[in-house]
Engineer: 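Got a structure here, written out as structure tokens. Questions coming.
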Amino acid sequence: MNFSEIEKKWKKRWFEEEVFKTDVWDFSKPKFYALDMFPYPSGVGLHAGHVEGYTATDVVARMKRMQGYNVLHPMGFDSFGLPAEQYAIKTGNHPDGFTEKNIKTFKGQLYDLGLSYDWDKEIATSRPDYYKWTQWIFANLYKDNLAKLIDMPVNWCEELGTVLANDEIIDGKSERGGYPVIRKNMKQWVIDIPKYADELIEGLDTIDWPESTKEMQRNWIGKSIGALVTFKIKGKNKSFDVFTTRCDTLFGATYCVLAPEHELVDLITTKDKKQEVDDYKKVCSTKSDMERTELNKDKTGVFTGAYAINPVNNKEIPIWISDYVLASYGTGAIMAVPAHDERDYEFAKKFDIDIIQVLEEVTGKPHKDETKKNSIVAILYDEENDKYLTINWYDLGGRLFVGGTIKDKEKPIDCAIREIKEETGYVDFELVTELPKINHHYYAYNKDKYFNIECTGFVFKLKSNKQESQNLDEDENFKVEWVSKDKIDEIKDELHHKVYDYYINDGAMIGDGIHINSEFLNGLNKEEAINKMIDWLEEHKVGKRKVNYRLREWIFARQRYWGEPIPIIHMEDGSIEVLKDEELPLILPELEDYSPCKNGTSPLEKATNWVNIERNGKKAKRETSTMPGSAGSSWYFLRYIDPKNDKEIANKELLKHWMPVDLYVGGPEHAVGHLLYSRMWNRYLYKKGISPVEEPFKKLVHQGMVLGANGIKMGKRYPEFSINPNDIIREYGADTLRFYEMFMGPIEADKPWNTKGVEGAKRFLDRVWRLYESDKIKDEDNKNLEKVYNQTVKKVTTDYENLHFNTAISQMMIFINAVYKEDTYPKKYALEFLKLLNPIAPFMTEELWEKMGHDKTIAYETWPKYDESKIKDETYTMIVQVNGKVRGKLEVYSNTNKDEMEKLAKDIPNVKNYIDGKEIVKVIVVPKKLVNIVIK
RNA sequence: GCUCAUGUGGCGGAAUUGGUAGACGCAUAGCACUCAAAAUGCUACGAUCGUGAGAUCAUGAGAGUUCGAUUCUCUCCAUGAGCACCA
């Protein structure tokens, strides 16, 4: 097979005859919209990962055409971006030329791959006839108050000279280039995406997307339900709100923290603390995000000297400032409950602030007749020998720590000291820490009684071995033993074990339990208490239910040249005007020098004639920021439907017919960026009556990464293991490349490249080719192939539908292997098989189709059908198990009933060996599958 | 730390309303064709024991549910992705 000749021939024919051109106005057939994430046209060209994703949609698109769908399968280019800009800076040439040249290269490669795109629908985000509408959408967002200019802290990258969005930052460094990013206050254009937060979460339930991607979007939006609580400031007629998800722990709030940037800080700080507070604020402001998170896990903060009033009990609690509270989340202020929050616990420990437990964990099972009592569990640790003091009760309860019941009016700590002395005789030790109380239910066999105890745990350190005589009751019959850590596992008692857990994990009690020290909440669990507290807060007008989101405004301005100009004019009087529809597109001006301005303003500042204009007889300046890369890609799926329309985004009737996208394939790296922004813009356009659907992408699939032959990501690091699709096409042909990439494994998985596998793919396609050149193809039937043929049609069809290309291919291999074993290959099967293979190997199947006497393309032939009755067998292999292990197989008729199956099974010699002389306990018969005989 | 995904032969992978583990391919070995090689066609191919029939073990580790678990539950380990002081 001369693949390069064949591929050349068919590329030419498909192009000249416009075989894949879609008439979008043809509504007579059902529609199918198969979309790829369009590439950024870099100079490097396509990589192996593109090939996989693009081939996948192409296979489905080709099958759908044959199934009678009108298929829209377009491609375009996300052509604004940094590399073109950097090229422009370096050479002084306009980035447009560079971009269009790269687009040409890309298109050539996409043609070479045999992808059945309708190039009539091509778009590029950097072309004015496209970005006119990006600007139009922005103008409308502005008019609808969803695009705003606000003063806000932003991620500023000095080296790139621009502001970055959160998803453009990785580990505190810029995604492109890896430069440091700091926080800085700037006037910024933002899109108010949080307004759509709830809808964007709810919409996820209606679409067929990978669960992990949906989850990522949910986390990114970060909805949390809680309450706003108002705290008054002592001695001042002021108050502040805090956001909390745990208002049930309000009785345990022992201090409050404001973010250093909080507006109230200066107003409430007392004179004596002013210097300290100012110093701290200064330190925080110079810290970058990275320093605040990565390098500074250790809590810092200062006391303001002011006190807040806890609204539930009117207690005065100190107000601190600390950078562990973020100005940008919630209200920039928190109530701290150190007993039940890790961070507050750490902070309180460091600054010696009160810790009040208001929730205790429940262990054991409650019983209706319980006796209440208070008790202690004491852990005594001998640091010198790294051993713990335990008491071994042997059969009467196993190994335990020291424990005991608190007597009347005794303090828990005194009880613990007394019990250690009485039970073990040790007297010289000191308290290390007191652990959270536990609410424990248990049954005491020796007393035949149910108890409910509130138990306090203590940890002591042994100071010396000094020992006095024990003071034991008669029934106290045990051995005192010092044991090392690994022996602690012998402690099976739930209560004692829990106490030890608290000791090991030293920290706040985060889990659920019942409330204590909380007046009207006492005895309630977390959920009940939260609801009751919110009711109480609302009733007393000191708080209310509140939902908070992690999602922030989408920063929509970049200080770069190569992006859509923002269609905004700043008037001399400070007012803002938005360009009218007929003024669009606002075209990027050409520059002498495309490099960024030193002072951090956009390169467009240099286009003075363009910037400084007169409007309505007054002086005015154009906005010089441009839009981020994700602007043009947030709506392109709408434009493909009607790309040349200069009156509107796209014709409404066409949109109504073609949306939503039926299949969208692209890399998982866009899980939150592009895929969230697109959903928001589409939702906005839906509300404007432009997009006909709430969700633009009905089904989404992520292709995995194609790794180098070493199993490591391809790239600059290991160029020797990198694969260039061009080379593969030249050496093996596009059909082989497509076939191999589809056969590698599941589309979503990361898979290493294997050149031997490519050769195997080529070998199979050659094998098919030879079969069609052989004289086996005859105009007669071959019953032997009937079953496997129908199975193959069925499996390939459903597997393509579900994007399981690897198993579809393996079925086609099974079919071809079967044909090779036969002397005749019925012509009708031979023709139908070409259709099955065509979506994956379009070039050679077109050629073979033609060789078999057709002058029209195979692309619109009718997809093969299968006959279910031909797949079903008259017989099947019945499995016979004894105690779940396969001991025999038997070919039986499909209509064999249960009794017969059992009888036949028992007659198999090997089975007999196992069951003879044994008692048969049970026989499980699964019709059409197996018989399992259970013996004793 | 949190969330999610994944873990099966020498390798890529198949099989999940729980029912023959390893389809298909790669690699390897053997046979045929050939003067020979390549190509091609056919055969074998998880491990261990056994001449064989067959047996035992085996789907990251450990437990559990079940007549039966790669598939369900719990705990742990490893890898990958995302989030990361989000109150």
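Naming: A, B, ... by sequence-line order, numbering from 1 per chain. As the structure is a prediction and not an experimental result, all values here were calculated from the model.
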Engineer: Give me the distance, rounded to whole Å, that separates B:G10 from B:G46 when you measure between the C1' atoms they each carry.
Structural biologist: 10 Å
Engineer: Give the rounded distance in Å between these two atoms: CG of A:N883 and C1' of B:U66.
Structural biologist: 13 Å
Engineer: Can you identify which nucleotide, out of B:C4, B:A87, B:C67, has its nearest atom closest to the A:S212 side chain?
Structural biologist: B:C4
Engineer: Looking at A:R767, does any N or O in its side chain come under 4.0 Å of the phosphate oxygens OP1/OP2 on B:C42?
Structural biologist: yes
Engineer: If I take atom CG in residue A:N802 and atom P in nucleotide B:A14, what distance separates them, rounded to the nearest angstrom?
Structural biologist: 14 Å
Engineer: Give one of base, sugar-phosphate or nothing for A:K214, where a contact means two heavy atoms less than 4.0 Å apart.
Structural biologist: nothing
Engineer: Check every strand shown and say whether A:D750 touches a base, only sugar-phosphate, or nothing at a heavy-atom separation below 4.0 Å.
Structural biologist: sugar-phosphate
Engineer: Taking all heavy atoms of A:C284 and all of A:D323, pick out the closest pair and write down the distance.
Structural biologist: SG-CB, 3.8 Å
Engineer: Before we go on, tell me: are the rings of A:Y772 and A:Y825 under 6.0 Å apart, centre to centre?
Structural biologist: yes
Engineer: Relative to A:Y820, does A:K776 satisfy both conditions: NZ or CZ under 6.0 angstrom from the six-membered ring centre, and within 45 degrees of the ring's axis?
Structural biologist: yes
Engineer: In chain order, what residues pass the side chain to side chain contact (heavy atoms under 4.5 Å, CB included) check against A:N817, with sequence neighbours excluded?
Structural biologist: A:R767
Engineer: Can you tell me, in whole Å, how much space there is between the C1' of B:G22 and that of B:U70?
Structural biologist: 11 Å
Engineer: Quick one: is B:A87 close enough that its OP1 or OP2 comes under 4.0 Å of any side-chain N or O from A:Y324?
Structural biologist: no
Engineer: Quick check on RNA chain B: between A:G330 and A:K751, whose nearest nucleotide comes earlier from the 5' end?
Structural biologist: A:K751
Engineer: Just grab all the side chain to side chain donor-acceptor pair (under 3.5 Å) pairs involving residues 246-258 of chain A, residues at least two apart or on different chains.
Structural biologist: A:R246-A:D248, A:D248-A:H515, A:Y255-A:Y324
Engineer: Treat primed atoms plus P, OP1 and OP2 as sugar-phosphate and everything else as base, then score nucleotides 16-34 of chain B 5' to 3': B for base contact with protein heavy atoms under 4.0 Å, S for sugar-phosphate contact only, - for none.
Structural biologist: ---BBS-BBSSS-------
Engineer: With sequence neighbours left out, which residue pairs that include part of residues 735-745 of chain A fulfil the salt bridge (charged side-chain N to carboxylate O under 4.0 Å, His left out) condition?
Structural biologist: A:D58-A:R738
Engineer: Measuring only the C1' atom in each nucleotide, how far is B:U66 from B:G12? A whole number of Å is fine.
Structural biologist: 34 Å
Engineer: Base, sugar-phosphate or nothing for A:Y914? Non-hydrogen atoms, less than 4.0 Å.
Structural biologist: sugar-phosphate
Engineer: If you pin A:M744 and A:T244 to their nearest nucleotides in RNA chain B, which one's is more 5'?
Structural biologist: A:M744
Engineer: For a quick test of your reading: what N or O donor-acceptor pairs under 3.5 Å do the side chains of residues 752-761 of chain A make, sequence neighbours left out?
Structural biologist:
unit_1	atom_1	unit_2	atom_2	d
A:N754	OD1	A:K756	N	3.0

Engineer: Sequence neighbours left out, what passes salt bridge (charged side-chain N to carboxylate O under 4.0 Å, His left out) with A:D775? Give chain and number order.
Structural biologist: none
Engineer: Measuring only the C1' atom in each nucleotide, how far is B:G9 from B:A21? A whole number of Å is fine.
Structural biologist: 11 Å
Engineer: Pick one for B:G25: is it syn, with its angle within 90° of 0, or anti?
Structural biologist: anti
Engineer: Are any of A:K922's side-chain N or O atoms less than 4.0 Å away from OP1 or OP2 of B:C67?
Structural biologist: yes
Engineer: Do we see a donor-acceptor contact under 3.5 Å between the side chains of A:T230 and A:D241?
Structural biologist: yes
Engineer: When the C1' atoms of B:A55 and B:U34 are considered, how many whole Å apart are they?
Structural biologist: 44 Å
Engineer: Could you give the distance separating B:C76 and B:U28 at their C1' atoms, to the nearest angstrom?
Structural biologist: 37 Å
Engineer: Could you measure the distance from the CG atom of A:L204 to the CH2 atom of A:W209? Nearest 0.5 Å is fine.
Structural biologist: 7.0 Å
Engineer: Can you check nucleotides 73-78 of chain B for protein contacts, nitrogen or oxygen pairs under 3.5 Å, and list what you find?
Structural biologist:
none

Engineer: Under 4.0 Å, heavy atoms only, any strand: does A:P746 hit a base, just the sugar-phosphate, or nothing?
Structural biologist: sugar-phosphate
Engineer: Are any of A:K762's side-chain N or O atoms less than 4.0 Å away from OP1 or OP2 of B:A39?
Structural biologist: no
Engineer: Rounding to the closest angstrom, what is the interatomic distance between B:U8 and B:U56 at atom P?
Structural biologist: 26 Å
Engineer: So, OP1 or OP2 of B:A84: does either fall under 4.0 Å of a side-chain N or O from A:R550?
Structural biologist: yes
Engineer: Can you check the A:M216 CE to B:G80 P distance for me, whole Å?
Structural biologist: 16 Å
Engineer: Under the ring-ring contact (aromatic ring centres under 6.0 Å, His included) rule, collect the residues that match up with A:F351, sequence neighbours excluded.
Structural biologist: A:W320, A:F347
Engineer: A:P668: what forms a side chain to side chain contact (heavy atoms under 4.5 Å, CB included) with it, not counting sequence neighbours?
Structural biologist: A:H702
Engineer: List the residues meeting side chain to side chain contact (heavy atoms under 4.5 Å, CB included) with A:K906, not counting sequence neighbours, and say none if there are none.
Structural biologist: A:E902, A:I915, A:I920, A:V923, A:I933
Engineer: Who pairs with A:A333 by side chain to side chain contact (heavy atoms under 4.5 Å, CB included), at least two apart in sequence or on another chain?
Structural biologist: A:F240, A:V242, A:L258, A:H262, A:T331
Engineer: Give one of base, sugar-phosphate or nothing for A:N910, where a contact means two heavy atoms less than 4.0 Å apart.
Structural biologist: sugar-phosphate
Engineer: From CG of A:D799 over to C1' of B:A14, roughly how many Å is that when rounded to an integer?
Structural biologist: 11 Å
Engineer: Please report, rounded to the nearest Å, how far the P atom of B:A14 is from the NZ atom of A:K795.
Structural biologist: 10 Å
Engineer: For the pair made of NE2 in A:H702 and C1' in B:U6, what is the distance, rounded to whole Å?
Structural biologist: 16 Å
Engineer: Between A:Y820 and B:C42, is there a side-chain N or O to OP1/OP2 distance below 4.0 Å?
Structural biologist: no
Engineer: Take atom CD1 of A:I747 and atom C1' of B:A5, then tell me their distance rounded to the nearest Å.
Structural biologist: 17 Å
Engineer: Taking Watson-Crick and G-U wobble pairs with both distances under 3.5 Å, convert RNA chain B into its dot-bracket string, 5' to 3', dots for unpaired and | for cross-strand pairs.
Structural biologist: (((((((..(((......[....))).(((((.......))))).((((....))))..(((((..]....))))))))))))....
Engineer: Say you pick atom C1' in B:U73 and the same atom in B:C24; how far apart are they, in whole Å?
Structural biologist: 33 Å
Engineer: Compare side-chain N and O positions of A:R770 against OP1 and OP2 of B:G41 and report whether any pair is under 4.0 Å apart.
Structural biologist: yes
Engineer: Please give, in whole Å, the distance from B:A87 P to A:D248 CG?
Structural biologist: 14 Å
Engineer: Tell me whether the OP1 or OP2 atom of B:C83 has a side-chain N or O from A:R218 closer than 4.0 Å.
Structural biologist: no
Engineer: With a 6.0 Å cut-off on the ring centroids, do A:F764 and A:F739 count as close?
Structural biologist: yes
